[in-house]
Chemist: 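What follows is a structure written as structure tokens; I'll ask about it next.
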Amino acid sequence: MINETPRVRFAPSPTGYLHVGGLRTALYNYLFAKHNHGKFILRIEDTDRNRYVEGAIEKLIEALKWAGLEYDEGPDVGGDFGPYLQSKRLNIYKQHADELILEGNAYYCFCTSERLTALREEQEKLKLPQAKYDKHCLHLSEEEIKKSLSKNTPYVVRLNVKPNQKIVFNDIVRGTIEFDSNNIDDQILIKSDGYPTYHLANVVDDHLMKITHVIRGEEWLSSTPKHVLLYDAFSWEQPFFAHLPLLLNPDRSKLSKRQGDVAVEDYRDKGYLKEALVNFVALLGWNAGDDREFYYLNELVETFSLDRVNKAGAVFDTVKLNSLNAEHLRKKSNNEILGMLKDEIQKSQYKNQEYSDEFLLLIIEAMKERVSFVSEFVITCPYFYEAPKDYEQKAIEKNWKSETPNQLMKFINKLRDIDTPSKSDYELVLANIAEELGIGKGKLIHPLRLATSGQSTGPGIFDLLYILGKEEIIKRVNTAIEKIKV
RNA sequence: GGCGCGUUCGUCUAGCGGUUUAGGACACCGCCCUCUCAAGGCGGGGAUCACGGGUUCGAAUCCCGUACGCGCUACCA
């Protein structure tokens, strides 16, 4: 098996959205596959009809593709081992369950849910170490089984776990793990509605789809012995297992909706870059062993390896995500940001206004190092899109003196003489006026910034002026002189 | 309760028996740069490596125990 090309799968159940923990699992599968020139497969585990969600599969696929995790085989792209929807493989599971029954590794169980509950209650009363099915139906005679079957009595198929066995398997992340079969319940394999449970379906499919490495969340570690038992019962070779540490809430419980956003779509909609989310999530439980923290997907592919995956859970801390987002944003070309900024403007109050690409590109260049999100190219510097409505009070107090209006008028008047001032023209004019007045440049710069932007922070003043343009500056300075009273 | 897994700065982590006065990143604070804010550079505070025993000349690193956390314990995945 070790010489085969690796085949791994991401096998989510369609819940309606892609959980960031799921994204991390999918990513590690993808990285492992691509690094080793193997195949990455998407398989939908939709065997719970009670949890059917309309449109869930489409959403899942959309989120996966948004993140850039293209798969080689899957429900919408096909492949040689389909179908990739478990709900379309029912006959396969049935057939394999029959095989297990025939060889005594599984058995029909006709117990009612009432008996099961009673059993559990009784076991609880007796303070038994663990509640387990009592194998009642294992001892049914051939006749009894036939009779019940012909009467269409509802039944499930259970795994026949033999007592006093050591079940040992190797986990790539955690090493050798050992379980005692006495602690393992006779797991239901086929539910009474004819659908398989996860345990049967994932083993059968992983084998049939020639999956070499099962890379999944740690929540599956405890049920792996059941899977090992199934591989043995079918006389199939086991895949390699790698159980990934969980993603946690700030209070270290399993990452959940209650304590923040968990859907990839939520982060996308909040304006996080896919590069940043992928980069961030990759580092939650893995690192290359050096100090590097900035990666693009293809670079992760180059460096990823399963044996550098951590054992302990990791808190999903969005503060660090934010800084990574800013870093990825800064590394993008202005032209790439331009497209995103146009989308952002469409979502804003300025959607009906026209802005030239040239103008927006100037804003991007001026603001790029001052923002963490594309949306901030709008909300943090509204003065590029409209004249300030009011002026920051603290800045007025600090920088707007009684002589300020006259000084600014001088500046404006000088500007009028220049047709289309360049950036250095603004710089020159301002320097000249300052010198003329015998004041520091700051005495002009700060009021000018306040008058034109309404704020005390922003890009370099000459960038600001150049982007606004002469006419707009004059208008805004006049307005400010009228409106700002000291 | 049972079984399993885990435990290094607030958070993500490096470390795989001596190179460690435990390194980096984010966050925080200070300085430099500077027209502001950022970005960038430099520096600072912050981890008795969960705790207790061993093994060893020597342990964050190996072993055992305890505590704590998490996961599983469904006709859910």
Side-chain angles (χ1 to χ4, degrees), chain A residues 11-15 45-51 86 109 111 113 116 120 124 127-132 154-158 171 173-174 177-180 182-185 187-199 201-202 216-225 243 245-246 248 250-254 280 283-294 310-324 326-327 330 366-372 380-381 395 398-399 427 430 440-446 448-450 453 455-462 464:
Chain A
S13 71
T15 54
E45 310 244 330
D46 57 345
T47 55
D48 185 358
R49 292 194 292 176
N50 299 322
R51 293 218 284 183
Q86 289 189 326
C109 173
C111 289
S113 57
L116 259 22
R120 220 165 326 200
E124 198 155 321
K127 290 222 186 332
L128 252 48
Q130 69 275 325
K132 270 169 57 180
Y155 68 89
V156 300
V157 176
R158 307 189 90 113
D171 187 275
V173 176
R174 287 151 218 283
I177 294 169
E178 194 178 302
F179 286 84
D180 185 334
N182 294 332
N183 290 319
I184 297 167
D185 202 1
Q187 183 65 47
I188 290 176
L189 266 18
I190 300 277
K191 298 178 265 187
S192 58
D193 63 4
Y195 278 66
T197 57
Y198 173 87
H199 307 286
N202 107 87
R216 83 235 292 193
E218 193 193 324
E219 67 266 32
W220 294 110
L221 195 59
S222 299
S223 36
T224 304
H243 288 93
L246 261 20
L248 311 174
D251 70 356
R252 305 203 75 85
S253 58
K254 190 175 166 184
F280 177 62
L283 262 16
L284 254 28
W286 171 88
N287 74 85
D290 52 26
D291 288 338
R292 185 169 176 195
E293 299 205 352
F294 187 90
N310 292 136
K311 297 175 175 69
V315 174
F316 192 88
D317 176 19
T318 52
V319 175
K320 188 151 186 176
L321 208 205
N322 291 348
S323 77
L324 219 36
E327 204 175 339
R330 261 182 264 130
M367 295 302 294
K368 206 172 177 178
E369 287 183 346
R370 290 158 235 270
V371 300
S372 297
T380 209
C381 48
K398 193 172 174 208
N399 297 313
E427 212 164 338
L430 189 130
K441 288 191 275 189
K443 286 273 184 289
L444 290 172
I445 287 172
H446 296 295
L448 205 45
R449 175 187 299 286
L450 182 63
S453 75
Q455 299 182 187
S456 61
T457 65
I461 189 71
F462 305 112
L464 173 62

Chemist: Base, sugar-phosphate, or nothing for A:Glu45, non-hydrogen atoms under 4.0 angstrom?
Modeler: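 Contact class for A:Glu45: sugar-phosphate only.
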
Chemist: Looking across every strand, which nucleic acid part, if any, lies under 4.0 Å from A:Gly460 by heavy atom: base, sugar-phosphate, or nothing?
Modeler: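 Here A:Gly460 touches the bases of the nucleic acid.
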
Chemist: Which value, in whole Å, describes the distance between the C1' atoms of nucleotides B:rC12 and B:rG46?
Modeler: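 Straight-line distance between the two C1' atoms is 16 Å.
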
Chemist: Grab the NZ-P distance between A:Lys441 and B:rU36 for me, whole Å please.
Modeler: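 Between P of B:rU36 and NZ of A:Lys441: 12 Å.
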
Chemist: Please list each protein N or O that sits under 3.5 Å from an N or O in nucleotides 69-75 of chain B, with the distance.
Modeler:
residue : atom : partner  : partner atom : Å
B:rG71  : N2   : A:Ser222 : OG           : 3.0
B:rC75  : O2   : A:Ser192 : N            : 2.7
B:rC75  : O2   : A:Ser192 : OG           : 2.6
B:rC75  : N3   : A:Ser192 : OG           : 2.9

Chemist: Under the 3.5 Å rule, do the base of B:rA39 and the side chain of A:Lys368 count as making a donor-acceptor pair?
Modeler: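 Donor-acceptor pair under 3.5 Å: no.
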
Chemist: Is any side-chain N or O of A:Glu293 under 3.5 Å from a base N or O of B:rG24, one able to act as donor and the other as acceptor?
Modeler: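 Between B:rG24 and A:Glu293, which were checked side chain against base, a qualifying N/O pair under 3.5 Å is present.
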
Chemist: Decide yes or no for A:Gln187 and A:Arg158: does some side-chain heavy atom of the first lie under 4.5 Å from some side-chain heavy atom of the second?
Modeler: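 Not touching, per the 4.5 Å side-chain cut-off.
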
Chemist: Whether A:Asn287 contacts B:rA14 is assessed here as follows: a side-chain N or O lying under 4.0 Å from the phosphate OP1 or OP2. Is that the case?
Modeler: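 Yes, such a contact exists.
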
Chemist: Heavy-atom distance under 4.5 Å between the side chains of A:Ile177 and A:Thr224, does that happen here?
Modeler: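 Result no, sub-4.5 Å side-chain heavy-atom pair not found.
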
Chemist: May I ask you to say what A:Pro459 touches in the nucleic acid, namely base, sugar-phosphate or nothing, with a heavy-atom cut-off under 4.0 Å?
Modeler: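 The answer is base, as A:Pro459 lies within the cut-off (heavy atoms under 4.0 Å) of a base atom.
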
Chemist: Across the strands shown, which category fits A:Thr47 at heavy-atom distances under 4.0 angstrom: base, sugar-phosphate, nothing?
Modeler: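 It contacts sugar-phosphate atoms only.
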
Chemist: By the 4.0 Å heavy-atom rule, please label A:Gln455 as base, sugar-phosphate, or nothing.
Modeler: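 Nothing, no nucleic acid heavy atom in range.
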
Chemist: A:Ser453 and side chain to side chain contact (heavy atoms under 4.5 Å, CB included): which partner among A:Leu464, A:Ile461, A:Leu448?
Modeler: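 That would be A:Leu464.
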
Chemist: Could you tell me the Watson-Crick or G-U partner of B:rG69, where both distances fall under 3.5 Å? Say none if there is no partner.
Modeler: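 Partner of B:rG69: B:rC5.
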
Chemist: Is A:Arg330 near enough to B:rG40 that one of its side-chain N or O atoms lies under 4.0 angstrom from OP1 or OP2?
Modeler: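 So the side-chain polar atoms of A:Arg330 do come within 4.0 Å of the phosphate oxygens OP1 or OP2 of B:rG40, strictly under.
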
Chemist: What does A:Phe280 touch in the nucleic acid at a heavy-atom separation under 4.0 angstrom: a base, only the sugar-phosphate, or nothing?
Modeler: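 No contact.
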
Chemist: If you check the A:Val319 side chain, which of B:rA38, B:rA27, B:rC35 turns out closest?
Modeler: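 So the nucleotide nearest the side chain must be B:rA27.
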
Chemist: Looking at every strand, decide which applies to A:Gly289 at a 4.0 Å heavy-atom threshold: base, sugar-phosphate, or nothing.
Modeler: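 Sugar-phosphate contact only - A:Gly289 comes under 4.0 Å of backbone atoms but never of a base.
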
Chemist: For B:rA14 and B:rA67, measure between their C1' atoms and round to the nearest Å.
Modeler: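 Nearest-Å result for B:rA14 against B:rA67 at atom C1': 27 Å.
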
Chemist: Report which part of the nucleic acid A:Asn310 touches: base, sugar-phosphate, or nothing (heavy-atom distance under 4.0 Å, all strands).
Modeler: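 Since only primed, P, OP1 and OP2 atoms lie under 4.0 Å of A:Asn310, the category is sugar-phosphate.
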
Chemist: Would you indicate what A:Pro196 reaches in the nucleic acid, counting non-hydrogen atoms under 4.0 angstrom: base, sugar-phosphate, or nothing?
Modeler: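 If one applies the 4.0 Å heavy-atom cut-off, A:Pro196 turns out to touch the sugar-phosphate alone, with no base involved.
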
Chemist: The side chain of A:Ser323 lies closest to which of these nucleotides: B:rC12, B:rC37, B:rC26?
Modeler: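 Of all the options, the side chain of A:Ser323 is nearest to B:rC26.
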
Chemist: How do A:Ile177 and A:Gly458 order along RNA chain B: which one's closest nucleotide is nearer the 5' end?
Modeler: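 Upstream on the strand: A:Ile177.
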
Chemist: Partner lookup for B:rG52, please. Criteria are Watson-Crick or G-U wobble with both distances under 3.5 angstrom; report none if nothing qualifies.
Modeler: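 Paired with B:rG52, as far as the under-3.5 Å criterion goes, is B:rC64.
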
Chemist: Identify which nucleotide among B:rA39, B:rG24, B:rU11 has an atom closest to any side-chain atom of A:Asp291, counting heavy atoms from C-beta outward.
Modeler: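 Shortest atom-to-atom distance from the side chain points to B:rG24.
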
Chemist: Checking contacts here: which listed nucleotide (B:rG6, B:rA39, B:rG24) is nearest the side-chain heavy atoms of A:Ala312?
Modeler: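 Among B:rG6, B:rA39, B:rG24, the one nearest the side chain of A:Ala312 is B:rG6.
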
Chemist: Checking all strands, does A:Arg449 fall into the base, sugar-phosphate, or nothing category for heavy-atom contacts under 4.0 angstrom?
Modeler: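 Since a base atom lies under 4.0 Å of A:Arg449, the category is base.
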
Chemist: Across the strands shown, which category fits A:Ile461 at heavy-atom distances under 4.0 angstrom: base, sugar-phosphate, nothing?
Modeler: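 Base, at least one base heavy atom under 4.0 Å.
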
Chemist: Could you please name the option among B:rC12, B:rU11, B:rC35 that lies closest to any side-chain atom of A:Asp317?
Modeler: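 Among B:rC12, B:rU11, B:rC35, the one nearest the side chain of A:Asp317 is B:rU11.
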
